[in-house]
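Inspection log for the structure reproduced underneath, given as structure tokens.
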Amino acid sequence: MNTLPTMPTVSTNETTEPTEAAVLHESVIGWFGEHARDLPWRRPEAGAWGVMVSEFMLQQTPVSRVLPVYEQWLARWPRPADLAADAPGEAVRAWGRLGYPRRALRLHGAALAITERHGGDVPADHGQLLALPGIGEYTAAAVASFAYGQRHAVLDTNVRRVFARAVSGVQYPPTATTAAERRLARALLPEDEVTAARWAAASMELGALVCTAKNETCGRCPIAARCAWRLAGKPAHQGPARRGQTYAGTDRQVRGRLLAVLRDATGSVPQSALDAAWHEPVQRARALDGLVADGLVEPLDGGRYRLPQS
DNA sequence: TAGACGTGGAT
DNA sequence: TATCCAAGTCT
């Protein structure tokens, strides 16, 4: 990440030529106007709470799977205080099979904090958002930008990939977000607040729909003509193929099995019900301990277990 | 700063 | 069938 696009701050002509960055903004935002998906959390009636709920659910999770859960969630808990008034276990249950159920717990915790500290309204301040459980750098910027129209660098995996290709000329961004990427994202942020918020949503959508991880469709890309990666002949990613970790047989799978038993039960379940969910006793016990430590499972007297009541 | 943390559809 | 991938956060 070193090749910033040329962005002359002063035009050499009498007539002001648009800067390279401005052309980028106009192209991507224009494309967004034509091709943006109509998603429920983008509608005005979603409000900041709707945006926030969607951001929690969309962490590492495809839109198609979030859609139905999102609708049910907002219908049941239309405001943060509604969720805060319910047991955390109900949030875990309603989370269903979205995955990473700790997100449900954190969303419940965030609703509690919003109710107690912010009068029931999702805070607009980036720092206050960041202080809520389950909200990191990305989500804080996303909520501030999408819900409140503020000017923030919203750097998710989609935007990172778009920048890696269009600006840096490589197929994929680094494994972990670097300082250089953050600098670039800030440098490319439109000055105007309204435009910046539009740019954030538009650049993300471009990565999600066109500049995808695999089978990218440059023919539909509004900035293909100036994409460094495409211009370089789309060289393949250099270096070791990161990632791996098969899922079958991991503690994660066991945790998922155990939690599924509890989600599907009405009240508490006996130890024997959990024992039936996984054959290997040592790993099963370790997974259960982890769930209890995480607050996802509540142990009761007599060897019974349930989703957390408080 | 790696690694843990779910799940299911696509290739 | 195996691997990759999907709007990250936390420790």
Side-chain angles (χ1 to χ4, degrees), chain A residues 32 36-37 39-42 46 50-70 92 95-107 109-110 129-147 152-162 171-179 181 185 200-209 211-216 237 240-263 277-278 283 286-287 289-291 293-297:
Chain A
F32 186 62
R37 289 167 293 181
L39 300 170
W41 43 86
R42 285 180 177 162
V51 171
M52 184 174 142
V53 168
S54 77
E55 289 303 335
F56 270 77
M57 292 182 173
L58 287 164
Q59 290 168 6
Q60 303 285 285
T61 309
V63 167
S64 59
R65 291 179 46 213
V66 166
L67 249 14
V69 184
Y70 171 86
V92 173
W95 199 256
R97 306 191 67 79
L98 275 187
Y100 293 144
R102 291 190 292 192
R103 291 183 292 167
L105 224 43
R106 289 170 184 155
L107 181 51
L129 286 165
L130 202 51
L132 297 172
I135 295 192
E137 187 58 43
Y138 160 76
T139 303
V143 172
S145 180
F146 302 155
H152 291 283
V154 181
L155 200 51
D156 81 320
T157 187
N158 291 303
V159 176
R160 294 181 63 218
R161 188 172 52 248
V162 169
Q171 188 177 22
Y172 296 121
T175 309
T177 307
T178 63
E181 287 182 276
S203 52
M204 257 174 95
E205 190 79 335
L206 185 62
L209 298 183
C211 193
T212 46
K214 295 192 162 181
N215 304 316
E216 69 282 352
H237 175 72
R242 76 274 210 218
R243 208 160 262 169
Q245 171 93 35
T246 45
Y247 178 65
T250 61
D251 284 8
R252 290 156 87 166
Q253 184 184 25
V254 184
R255 286 168 57 106
R257 290 279 187 84
L258 295 175
L259 207 55
V261 170
L262 290 163
R263 269 200 316 264
W278 194 258
Q283 190 180 29
R286 185 172 65 232
D289 282 351
L291 289 170
D294 287 347
L296 282 164
V297 172

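Below, read A as the first sequence line, B as the second, and so on, with proteins coming before strands; counting in each chain starts at 1.
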Between [atom2] on [N] and [atom1] on [X], what's the gap in Å once rounded to a whole number?
| X | N | atom1 | atom2 | answer |
| --- | --- | --- | --- | --- |
| A/Arg160 | C/dC5 | CZ | C1' | 15 Å |
| A/Lys214 | B/dA10 | NZ | C1' | 9 Å |
| A/Met52 | C/dT9 | CE | P | 12 Å |
| A/Trp95 | B/dT7 | CH2 | C1' | 12 Å |
| A/Glu137 | C/dT9 | CD | C1' | 12 Å |
| A/Leu107 | C/dG8 | CG | C1' | 14 Å |
| A/Gln60 | C/dC4 | CD | C1' | 13 Å |
| A/Tyr172 | C/dA6 | OH | P | 8 Å |

Between A/Ala176 and A/Gly96, which has a closest nucleotide on DNA chain B that is more 5'?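 Nearest nucleotide further toward 5': that of A/Ala176.
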
Give [X] one of three labels, base, sugar-phosphate or nothing, depending on what nucleic acid heavy atoms sit under 4.0 Å from its own.
| X | value |
| --- | --- |
| A/Ala213 | sugar-phosphate |
| A/Arg37 | base |
| A/Gly136 | sugar-phosphate |
| A/Arg255 | sugar-phosphate |
| A/Ile135 | sugar-phosphate |
| A/Leu155 | nothing |

Check [X] against [Y] and note the closest heavy-atom contact, atom names and distance.
| X | Y | answer |
| --- | --- | --- |
| A/Leu296 | A/Val92 | CD2-CG2, 3.8 Å |
| A/Ser145 | A/Ala200 | OG-CB, 3.8 Å |
| A/Ala185 | A/Ala153 | CB-CB, 3.9 Å |

Indicate whether OP1 or OP2 belonging to [N] is found under 4.0 Å from a side-chain N or O atom of [X].
| X | N | result |
| --- | --- | --- |
| A/Thr139 | C/dT9 | yes |
| A/Arg103 | C/dT9 | no |
| A/Arg102 | B/dT7 | no |
| A/Tyr247 | B/dT7 | yes |
| A/Arg97 | B/dG8 | yes |

Side-chain donor or acceptor of A/Arg65 under 3.5 Å from a matching atom on the base of B/dG8?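 Looking at the base of B/dG8, it does not pair with any donor or acceptor on the side chain of A/Arg65 (distance under 3.5 Å).
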
Determine whether any donor atom in the side chain of A/Thr61 lies under 3.5 Å from an acceptor atom in the base of B/dG6, or the reverse, and answer yes or no. yes

Find which nucleotide of DNA chain C each of A/Pro133 and A/Arg42 is nearest to by heavy atoms, and output the residue with the more 5' nucleotide.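 The residue whose closest nucleotide sits nearer the 5' end is A/Arg42.
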
Want to settle it: does A/Trp41 or A/Gly134 sit nearer the 5' end of DNA chain C, counting the closest nucleotide to each?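 Checking each residue's closest nucleotide, the 5'-ward one belongs to A/Trp41.
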
If you measure from the [atom1] atom in [N] to the same atom in [M], how many Å do you get, rounded?
| N | M | atom1 | result |
| --- | --- | --- | --- |
| B/dG8 | C/dC10 | P | 24 Å |
| C/dT1 | B/dG6 | P | 26 Å |
| C/dA7 | B/dA2 | C1' | 22 Å |

Checking side-chain polar atoms at under 3.5 Å, does A/Glu55 have a donor or acceptor matched by the opposite partner on A/Tyr138?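 Side-chain D/A pair, A/Glu55 to A/Tyr138: present.
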
Which nucleotide in [options] has an atom nearest any side-chain atom of [X]:
| X | options | value |
| --- | --- | --- |
| A/Gln59 | C/dA7, C/dT9, B/dC5 | C/dT9 |
| A/Glu55 | C/dA7, C/dC10, C/dC4 | C/dA7 |
| A/Ala208 | B/dT11, C/dA7, B/dC5 | C/dA7 |

Side chain to side chain, A/Trp41 and A/Val63, heavy atoms closer than 4.5 Å: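 Yes, their side chains come closer than 4.5 Å.
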
Going by heavy atoms in the side chains, are A/Met52 and A/Leu107 under 4.5 Å from each other? yes

When you measure from the side chain of A/Arg161 to the backbone of A/Cys211, do you find a donor-acceptor pair of N or O atoms at a distance under 3.5 Å?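 Yes; at least one donor-acceptor contact below 3.5 Å.
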
